[in-house]
Amino acid sequence: MSVFRLNTLMRLAPKASAIRSIQMQPQRNLAAQTESGITGEFKTLAISTPKPFVFHVELHRPNKLNAFNRQMWLEIKECFDGLATNPDCRAIVLSASGKHFTAGIDLNDMMNVGQTLAEADDYARKGVIMERMIKLYQDSISSLELCPKPVITAVHKACIGAGVDLITASDIRYCTEDAFFQVKEVDIGMAADVGTLQRLPKAVGSQSLARELCFTGRKFEAAEAHSSGLVSRVFPDKESLLCGALAIAELIASKSPVAVRTTKENIIYSLDHTNQEGLEHIRLLNKLNLLSEDFAQAVAAQLTKDEKPVFAKL
């Protein structure tokens, strides 16, 4: 961030703090989920359990076009960290309420950073403040990737800036025909710093396309997102999108939670390791997992054509 931009933030800080004061929320224990299906209350997220073992997480700032404020960053991490260890959760659908999936980062909220920066005496200390903030936002996005449960994102209309960071950290991406995407950071004078530059090239499988999108900040629509591999399915409208996302989540949730968890863990590990390292990793995992009752039950069900096995919680 430039000196000019830091100074601008400091000048605008008093106005920004008058607009909004972000308070830390008390911790909620999503790992202690009950059969009722509703987790703790969040300010920026809406959570439900529409299918057995399936959680539906919605970005829920519709009046702000689901723009990311500090509280949303914090709550996303809290939510996915909780669902990571929740035995009643086996698959997660992430969508958004309102007109758009997300307009990206809340620039008005970012002005609050200026107040904190103004309290620091020199640029070394300002740098520490900025590093901590960026790390907090990076950890928020990475919580989707680190969550051992598959995350299916369902995008409608605009998915801008931080929204691209968010969806590229998920496992499966669907969108509506009217969806569009934009790596917007370059247009506000910064490089994307919470995941897009690392994950988008792998998601689309083309360094050329990824760099073009990140250098130009241009919009690209559902058809291009589908043809490039960013999304794997396109639906006519939001209703059919959610139905499709929930259906695939329900199917995943019917499988062995041991098998699904191990599959996600090894796929992510293998992204940054050689094929041989990936093989060694899955061998170490499966030398125990193949001894589980899930494996025996699933094999028996396949051989006897019996009803689908019911797997224990994990």
Side-chain angles (χ1 to χ4, degrees), residues 30-31 33 35 37-39 45-59 76 79-96 101 142-156 166-176 199 202-203 226 229-235 238-271 278 281-282 285-286 289-290 292-302 306-314:
L30 275 74
Q33 169 66 22
E35 297 296 333
I38 304 299
T39 64
L45 304 176
I47 304 175
S48 60
T49 52
K51 304 282 186 181
F53 297 107
V54 173
F55 276 68
H56 183 194
V57 178
E58 284 186 288
L59 305 182
I76 286 172
C79 174
F80 282 89
D81 283 353
L83 293 178
T85 57
N86 186 329
D88 290 308
C89 175
R90 295 184 184 176
I92 304 164
V93 171
L94 175 62
S95 69
F101 184 77
S142 293
S143 66
L144 278 69
E145 185 174 78
L146 296 175
C147 178
K149 320 298 172 65
V151 181
I152 301 103
T153 46
V155 178
H156 72 285
L166 186 69
I167 68 168
T168 53
S170 69
D171 299 285
I172 298 170
R173 294 173 290 275
Y174 294 161
C175 75
T176 55
R199 297 186 177 103
K202 297 172 185 176
H226 185 245
L230 179 61
V231 300
S232 53
R233 291 185 67 185
V234 179
F235 293 82
K238 186 178 179 182
E239 182 179 359
S240 61
L241 169 70
L242 288 177
C243 287
L246 289 171
I248 198 70
E250 185 177 23
L251 177 60
I252 292 169
S254 72
K255 310 296 183 182
S256 159
V258 174
V260 173
R261 179 191 181 104
T262 305
T263 298
K264 176 169 180 174
E265 185 177 347
N266 186 248
I267 286 175
I268 291 175
Y269 178 89
S270 298
L271 283 173
H281 180 258
I282 194 63
L285 295 176
N286 268 2
N289 291 342
L290 291 178
S292 77
E293 62 180 25
D294 286 27
F295 180 64
Q297 288 180 10
V299 170
Q302 288 289 317
D306 285 343
E307 295 181 1
K308 292 180 180 179
V310 177
F311 299 105
K313 294 180 181 180
L314 180 64

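Since this is a predicted model, take the numbers as computed values, not measurements.
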In chain order, what residues pass the side chain to side chain donor-acceptor pair (under 3.5 Å) check against [X], with sequence neighbours excluded?
| X | value |
| --- | --- |
| S292 | none |
| T262 | N289 |
| E145 | R199 |
| S254 | none |

Is [Y] close to [X] at the side-chain level, that is, under 4.5 Å between some pair of heavy atoms?
| X | Y | value |
| --- | --- | --- |
| H281 | E265 | yes |
| H56 | I47 | no |
| V155 | V231 | no |
| L314 | D294 | no |
| L144 | L166 | yes |
| L230 | R173 | yes |
| V260 | P150 | yes |

Notebook entry, point to check: Who pairs with K264 by salt bridge (charged side-chain N to carboxylate O under 4.0 Å, His left out), at least two apart in sequence or on another chain?
Noted result: D171
Checklist line | Pairing residues for K255 by the salt bridge (charged side-chain N to carboxylate O under 4.0 Å, His left out) criterion, not counting sequence neighbours | finding: none
Determine the minimum heavy-atom distance between [X] and [Y], stating which atoms define it.
| X | Y | result |
| --- | --- | --- |
| G278 | N266 | O-ND2, 3.2 Å |
| S143 | F80 | OG-CB, 3.6 Å |
| A84 | R261 | O-NH1, 4.3 Å |

Nearest 0.5 angstrom please: [X] [atom1] to [Y] [atom2], how far?
| X | Y | atom1 | atom2 | value |
| --- | --- | --- | --- | --- |
| L94 | F55 | CG | CZ | 14.0 Å |
| N86 | D81 | CG | CG | 12.5 Å |
| I152 | I92 | CD1 | CD1 | 8.0 Å |

Item checked: Under 3.5 Å donor-acceptor, S256 side chain and V258 backbone -> yes
Next item on the list: Using modelled atom types only, decide if a donor and an acceptor are shared between the side chain of S170 and the backbone of I167 within a distance under 3.5 Å.
Entry: yes
In chain order, what residues pass the side-chain contact (heavy atoms from CB on, under 4.5 Å) check against [X], with sequence neighbours excluded?
| X | result |
| --- | --- |
| Q297 | E293, P309, F311 |
| A46 | E58, H60 |
| E239 | D237 |

Table please: side-chain donor-acceptor pairs of residues 241-252 below 3.5 Å, with sequence neighbours left out.
none

Next item on the list: Keeping to residues at least two apart or across chains, list the salt bridge (Lys or Arg N to Asp or Glu O under 4.0 Å) pairs with something in residues 146-156.
Entry: none
Notebook entry, point to check: Can S95 and H156 be counted as having a side-chain donor-acceptor contact under 3.5 angstrom?
Noted result: no
Note to self: Checking V93 against V57 for the side-chain contact (heavy atoms from CB on, under 4.5 Å) test, could you report, in this order, the C-alpha distance in whole Å, the side-chain angles of both residues, the deciding distance, and whether it holds?
What the structure shows: CA-CA 6 Å; V93 171; V57 178; over 6 Å; no
Checklist line | For F235, all residues meeting ring pair (Phe, Tyr, Trp, His ring centres under 6.0 Å), sequence neighbours excluded | finding: Y174
